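In what follows, a single structure is set out as structure tokens and then discussed.
Counting convention: from 1, in listed order, for ligands and their atoms alike. Keep in mind the model is a prediction, meaning the values are calculated, not measured. Sequence positions, counted from 1, serve as the residue numbers for this chain. Side chains included, hydrogens not; waters and symmetry mates left out as well; all remaining heavy atoms used.
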Amino acid sequence: MSTVAIAGGHGKIAMLLGALLVDRGDAVRGLIRNPDQEADLRERRIEPLLCDLEGDDDVAAAVRGADAVVFAAGAGPGSGEARKSTMDLGGAVKLIEAARSEGISRYLMVSAMGAAAPPAAGTEPEGADSAAGDDVFGAYLRAKASADEALRTSGLDFTIVRPGGLTDDRGTGLVSIAERLDRGQVPRADVAAVLLACLEKASTIGQSFDLTSGDTPIAAALPR
Ligand SMILES: NC(=O)c1ccc[n+]([C@@H]2O[C@H](COP(=O)([O-])OP(=O)(O)OC[C@H]3O[C@@H](n4cnc5c(N)ncnc54)[C@H](OP(=O)(O)O)[C@@H]3O)[C@@H](O)[C@H]2O)c1
């Protein structure tokens with residue numbers, strides 16, 4: 001049995017992943033900032049732990065004893081440019097620092113399609129969930145790119161998963177995974193299943209890839 005700490009523990013992907021991990025017998029800790037969410041986590045046998053990734057909370061203490069951490073938090077679509085920096089970048093970096101200081105080597109990053117080549121500031125962005133040319137989305141992709149780079153150079157055993165546009169459709173277990181893919185969508189349930197498979201497959205350590213729905217079963221689609 002492993003212990004997995006998920007940052008953004010009440011998020012949609014986080015809850016789906018948490019349920020998969022609990023089902024396979026792991027201990028799951030969900031890092032949340034809102035105490036009203038504790039009951040939802042407990043109901044799913046996920047241990048809630050209050051930790052605001054943009055505040056002064058002790059992130060190292062929150063992940064202490066975990067075997068792996070997952071960054072599934074995000075400022076969300078309604079947030080402005082400032083929170084792309086404090087949450088999508090700053091929160092991910094705090095989790096990197098916490099993992100390093102606690103000797104936790106495994107780190108899974110929920111990144112975003114488009115973060116592999118973010119638009120320069122002031123140019124039209126292209127990516128997973130951009131509804132329109134929008135510099136906030138560009139700032140989001142640049143924040144995700146910087147977070148991914150910080151993880152890549154951290155010395156941790158990382159896997160960076162860059163999903164396309166997220167949907168709440170049922171998971172199919174069929175995906176496309178590659179260094180770069182054309183834009184597309186993917187159910188959050190399949191993202192969670194890919195994250196679980198990454199924790200189980202050492203060959204995904206050191207890998208970064210785009211993820212959309214596709215025709216290939218997850219186990220076969222992952223890097224060998
Ligand atoms: N939308 C897309 O199409 C898309 C595509 C590719 C990648 N992504 C990435 O995938 C991530 C996960 O997706 P999702 O749908 O599962 O997201 P989600 O449901 O919005 O979950 C994000 C979680 O982050 C938490 N959070 C925000 N600020 C925090 C803070 N300061 N400290 C701790 N937790 C904080 C939120 O908690 P609160 O309830 O407290 O706000 C929320 O539970 C997104 O955040 C995004 O970066 C999204």
Point to revise | For Arg44, all residues meeting salt bridge (Lys or Arg N to Asp or Glu O under 4.0 Å), sequence neighbours excluded | key: none
Exercise for review: For Gly164, counting its heavy atoms only, list the atoms of ligand 1 lying under 4.0 Å from any of them.
Suggested key: 5 (C), 6 (C)
Revision key, fill the gap. Atom 31 (N) of ligand 1: of Arg188, Met109, Lys84, Glu54, the nearest heavy atom sits on Glu54
Practice item. Apply side chain to side chain contact (heavy atoms under 4.5 Å, CB included) to the pair Ile177 and Asp210, showing each step before the final yes or no. Key: CA-CA 6 Å; Ile177 283 176; Asp210 286 354; over 6 Å; no
Point to revise | Flag side-chain contact, heavy atom, 4.5 Å: Ser213 against Gln185 | key: no
Point to revise | Reported NZ-to-OG distance for the pair Lys144 and Ser111, which is rounded to 0.5 angstrom | key: 5.0 Å
Check your understanding: Which of these, Gly76, Gly74, Pro77, has its nearest heavy atom closest to atom 36 (C) of ligand 1?
Key -> Gly74
Review point. With distance as the sole test, does Arg162 use its side chain to make a donor-acceptor pair with the main-chain N or O of Ala115 at under 3.5 Å?
Key: no
Practice item. Answer yes or no: does an N/O atom from Pro163 fall short of 3.5 Å to an N/O atom of ligand 1? Key: no
Review point. Using a heavy-atom cut-off of under 4.0 Å, does the side chain or the backbone of Cys51 touch ligand 1, or both, or neither?
Key: backbone
Exercise for review: Using distance alone, determine whether Gly11 and ligand 1 share an N or O pair under 3.5 Å.
Suggested key: yes
Point to revise | Proximal atoms of ligand 1 relative to Ala112 (non-hydrogen, under 4.0 Å) | key: 6 (C), 7 (C)
Check your understanding: Would Asp135 and Arg142 pass as an ion pair if we require N to O under 4.0 Å?
Key -> yes
Review point. For ligand 1, which atoms, with element, lie under 4.0 Å from some heavy atom of Lys144?
Key: 47 (O)
Review point. What atoms in ligand 1 come closer than 4.0 Å to a heavy atom of Ala72?
Key: 12 (C), 22 (C)
Practice item. State, yes or no, whether a side-chain contact exists between Leu181 and Phe209 at a heavy-atom distance under 4.5 Å. Key: no
Review point. Of all the atoms in ligand 1, which lie at a distance below 4.0 Å from a heavy atom belonging to Arg83?
Key: 27 (C), 28 (N)
Exercise for review: Decide whether an N or O pair under 3.5 Å exists between Leu166 and ligand 1.
Suggested key: yes
Point to revise | Test applied, side-chain contact (heavy atoms from CB on, under 4.5 Å); reference residue, Cys198; option that passes from Leu108, Ile218, Ile205 | key: Leu108
Check your understanding: Of all the heavy atoms in Met15, does at least one lie under 4.0 Å from an atom in ligand 1?
Key -> no
Practice item. Could you tell me whether the side chain of Met87 reaches within less than 4.5 Å of the side chain of Ser79, counting heavy atoms only? Key: no
Check your understanding: Which atoms from ligand 1 have a heavy atom of Asp52 less than 4.0 Å away?
Key -> 30 (C), 31 (N), 32 (N)
Exercise for review: Output the distance between atom CZ (Arg83) and atom OH (Tyr140), rounded to the nearest 0.5 Å.
Suggested key: 12.5 Å
**Study point:** SB check Glu149 Arg152 (cutoff 4.0 Å)
**Key:** yes
Practice item. Show which atoms of ligand 1 fall inside a sub-4.0 Å distance from at least one heavy-atom site of Tyr140. Key: 7 (C), 8 (N), 9 (C), 46 (C), 47 (O), 48 (C)
Check your understanding: Does an N or O anywhere in Asn34 fall below 3.5 Å from an N or O of ligand 1?
Key -> no
Practice item. Could you tell me whether Met113 approaches ligand 1 through its side chain, its backbone, both or neither, with non-hydrogen atoms closer than 4.0 Å? Key: neither
Check your understanding: Near Gly165, which atoms of ligand 1 are under 4.0 Å from a heavy atom of that residue?
Key -> 3 (O)
Review point. Just heavy atoms, cut-off under 4.0 Å: does Ser111 contact ligand 1 by side chain, backbone, both, or neither?
Key: backbone
Practice item. Could you say whether the N/O atoms of Val110 and ligand 1 ever approach to under 3.5 Å? Key: no
Study note, to complete from the structure: From the list Leu31, Leu41, Asn34, side-chain contact (heavy atoms from CB on, under 4.5 Å) partner of His10 resolves to Leu41
Exercise for review: Report yes or no: does Gln185 have a heavy atom closer than 4.0 Å to ligand 1?
Suggested key: no
